[in-house]
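Down below is the structure, laid out as structure tokens.
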Amino acid sequence: MKENPERLAILLWAAPLGEPELLRAPFVYAAAAAAMDAEVEMHFSGRTVRLLVADAQNQEIKKYMEEVAAEGVRFLGCSTALRRHVREGEKMVAEFGGAAGAASFAQRALDPGWRTLVF
């Protein structure tokens with residue numbers, strides 16, 4: 001890995017959960033950046049946190065998530081969205097890296113060492 005790696009934070013906010021072809025895009029960008037040795041985080045907010053729930057997502061999207069996670073991409077869920085959209089007792093996907101709220105993504109956006117994309 002580079003001494004000063006590039007960093008990319010991707011926010012999934014209004015990504016269409018019911019349209020796998022469109023929902024695939026953020027994972028394609030994450031995989032491309034990871035393949036270029038970038039440090040990549042995917043932040044899930046709003047209803048997109050449902051993608052972090054085991055057995056809640058489309059099998060095609062689950063495959064993309066597993067592939068990009070294998071490349072080192074971290075999956076973070078908005079703490080407020082997790083409380084609102086994930087029911088007590090639901091199991092999270094193995095790739096789930098923990099909670100990171102709006103302030104965490106805003107910090108990435110304000111940090112000149114990071115680039116951001118929003119879907």
Side-chain angles (χ1 to χ4, degrees):
M1 191 169 245
K2 300 175 189 175
E3 186 174 316
N4 293 312
E6 296 294 323
R7 295 178 175 99
L8 176 64
I10 298 173
L11 175 64
L12 279 77
W13 170 67
L17 296 180
E19 298 181 53
E21 282 195 28
L22 296 177
L23 185 56
R24 178 177 32 187
F27 298 99
V28 170
Y29 282 92
M36 293 185 277
D37 292 328
E39 179 181 344
V40 182
E41 295 177 347
M42 293 186 78
H43 294 247
F44 296 76
S45 76
R47 289 183 43 241
T48 69
V49 297
R50 293 296 305 163
L51 294 171
L52 299 171
V53 176
D55 301 324
Q57 74 274 57
N58 171 291
Q59 290 301 310
E60 181 181 355
I61 298 306
K62 182 177 181 177
K63 179 183 169 195
Y64 287 124
M65 291 177 72
E66 291 169 351
E67 288 173 2
V68 298
E71 295 294 324
V73 174
R74 293 180 59 218
F75 295 145
L76 304 167
C78 171
S79 50
T80 301
L82 288 166
R83 283 191 304 274
R84 183 170 183 183
H85 297 287
V86 177
R87 293 178 292 279
E88 188 174 331
E90 283 189 302
K91 183 180 176 187
M92 305 304 282
V93 295
E95 299 84 8
F96 177 55
S104 296
F105 188 80
Q107 180 184 20
R108 296 295 191 235
L110 294 170
D111 186 329
W114 285 80
R115 303 291 183 265
T116 57
L117 291 173
V118 177
F119 289 87

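All residue numbers in this chain count up from 1 along the given sequence.
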Taking Arg84's backbone N and O only, do any of them form a donor-acceptor pair with Arg87's side chain (distance below 3.5 Å, no angle check)?
no
In Å, rounded to the nearest 0.5 Å, how long is the span from [atom1] of [X] to [atom2] of [Y]?
X: Leu82; Y: Ser45; atom1: CG; atom2: OG; value: 10.0 Å
X: Met36; Y: Leu8; atom1: CE; atom2: CG; value: 8.5 Å
X: His85; Y: Thr80; atom1: NE2; atom2: OG1; value: 10.0 Å
X: Glu6; Y: Arg115; atom1: CD; atom2: CZ; value: 6.0 Å

Answer whether the closest heavy-atom distance between the side chains of [X] and [Y] falls below 4.5 Å.
X: Ile10; Y: Thr116; result: no
X: Val53; Y: Met92; result: yes
X: Phe105; Y: Val118; result: yes
X: Val86; Y: Val49; result: yes
X: His43; Y: Cys78; result: no

Between Glu39, Arg108, Glu41, which is the residue that forms a side chain to side chain contact (heavy atoms under 4.5 Å, CB included) with Arg7?
Glu39
Could you list the donor-acceptor pairs under 3.5 angstrom formed by side chains in residues 58-66, with sequence neighbours left out?
residue : atom : partner : partner atom : Å
Asn58   : OD1  : Glu60   : N            : 2.6
Asn58   : OD1  : Ile61   : N            : 3.3
Tyr64   : OH   : Arg24   : NH1          : 3.0

Could you list the residues that satisfy ring pair (Phe, Tyr, Trp, His ring centres under 6.0 Å) with Phe44, not counting sequence neighbours?
Phe75
In terms of hydrophobic clustering (I, L, V, M, F, W, Y; side-chain heavy atoms under 4.5 Å; direct or indirect links), are Leu76 and Leu11 co-clustered?
no
State whether Arg50 and Glu90 are salt-bridged, where the test is any N-O pair (Lys NZ or Arg NE/NH1/NH2 against Asp/Glu carboxylate O) under 4.0 Å.
yes
Nearest heavy atoms of [X] and [Y], plus distance in Å:
X: Leu12; Y: Thr48; value: O-OG1, 2.8 Å
X: Ala30; Y: Val73; value: O-CG2, 4.1 Å
X: Val40; Y: Ala34; value: CG2-N, 3.8 Å
X: Gly97; Y: Arg74; value: O-NH2, 4.5 Å
X: Gly113; Y: Asp111; value: N-OD1, 2.7 Å

Is the number of heavy atoms from other residues, nucleotides or ligands within 6.0 Å of CZ (Phe119) greater than 12?
yes
Neighbour count >12 (heavy atoms, 6.0 Å) for atom CH2, Trp13:
no
